[in-house]
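Whatever order the structure lists them in is the order used to number ligands and atoms, beginning at 1. This is a predicted model, so every value here is computed, not measured. Side-chain atoms are counted along with the backbone in the values below, which use heavy atoms only and exclude waters and symmetry mates.
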Amino acid sequence: MKILITGAGGQLGLALQSRLPADAEVVAATSADLDIGNADAVQSCVDALQPQFLINAAAYTAVDKAESDPDNAFRINGDAVGHLARAARSVGARLVHVSTDFVFDGTAGIPYAPGALTAPLGIYGESKLRGEIAAGEDALIVRTAWVYGSRGNNFVRTMLRLMAEREELRVVADQIGTPTWASSLADGIWKLATAGATGVYHYTDSGVASWYDFAVAIQEEALAVGILDRAIPVFPIPTSAYPTPARRPHYSVLDKEATIAVLGAPAAHWRTNLRLMLREVREQG
Ligand SMILES: NC(=O)c1ccc[n+]([C@@H]2O[C@H](COP(=O)([O-])OP(=O)(O)OC[C@H]3O[C@@H](n4cnc5c(N)ncnc54)[C@H](OP(=O)(O)O)[C@@H]3O)[C@@H](O)[C@H]2O)c1
């Protein structure tokens, strides 16, 4: 099974490479190897490799910056997915594309099913929705949320740094979602892809949390594994006390029923996976 992974240097790209299925022959292209915004480069790469799967882990992920840089967000999260879809189709490859809970506005109050009405609140979400459409109906689209890995920029690594530097922290408590370990997401994507799934699927770890709950758990688990050596007070604050350029959904828990039907079981609870990730951080030093 020959597979091309784009965006291979990002947190999901790295996790996909560390959880390869046994029969996978992978070409991992970082942004320096292949700019997915360059249609000719994408087509040449796909022509040369003739992969069976093209997994797109590349994206413009700077949610706040996207508000003042919409052209680049739409070019990479929207147009570039069209380039990948066309190239994949031309060699009979299946495109696997990754999308986000930010396609929803967060007002539903119950978990969002794959077919639920989309209504992004900002440029990032809009550009990712454009990408879902560009991927086409023959693609596998995996929507996920709140992704963190032991490498890359993410909430867990930011919290660990701030908890070591500061005397107290204030964290938003009225945005609810599900933290998802990049390695768990990688496993889910490999299983959905090799099961032949097409269409939109939701994959996150199990459970729900606010960013505040997540931060408190990060501190507790990091103390338990010895990454942090002292506890600081963590206070809950409303979103209104932490203004950001992009609006974010207040409730973006994803309904994973269809995914569980394919995979046979739900993902582990987010706190279990957080513990595994923190052990990995400790081992990396
Ligand atoms: N992180 C989250 O919380 C989250 C939540 C929901 C959905 N997602 C989705 O999950 C997927 C993976 O995200 P992630 O967390 O792994 O993001 P990430 O760590 O920011 O990685 C994104 C990767 O895309 C690369 N990239 C950017 N522009 C590119 C281009 N024009 N051509 C090729 N590569 C390019 C980046 O390379 P450079 O660093 O060199 O620019 C980076 O390696 C994305 O589709 C994202 O939208 C993420």
Name the atoms and distances for all side-chain donor-acceptor pairs under 3.5 Å in residues 277-285, with sequence neighbours left out.
residue : atom : partner : partner atom : Å
E280    : OE2  : S150    : OG           : 2.6
R282    : NH1  : V225    : O            : 3.1
Q284    : NE2  : S150    : OG           : 3.1

When H202 is tested against each of P114, P111, S99 for side-chain contact (heavy atoms from CB on, under 4.5 Å), which residue passes? P114
Salt-bridged, D101 to R248, with N to O below 4.0 Å? no
Ionic contact status for R170 with E168, cut-off 4.0 Å: yes
Determine, step by step, whether Y112 and F104 satisfy the ring pair (Phe, Tyr, Trp, His ring centres under 6.0 Å) criterion, reporting the C-alpha distance in whole Å, the side-chain angles of both residues, the deciding distance to 0.1 Å, and the verdict. CA-CA 8 Å; Y112 284 93; F104 298 116; 4.2 Å; yes
Distance under 4.0 Å, heavy atoms only, partner ligand 1: which residues pass? G9, G10, Q11, L12, S31, L34, D35, I36, A57, A58, A59, T61, I76, V98, S99, T100, Y124, K128, T144, A145, W146, V147
Consider only side-chain N and O atoms of D64 and Y124, and report whether a donor and an acceptor are under 3.5 Å apart. no
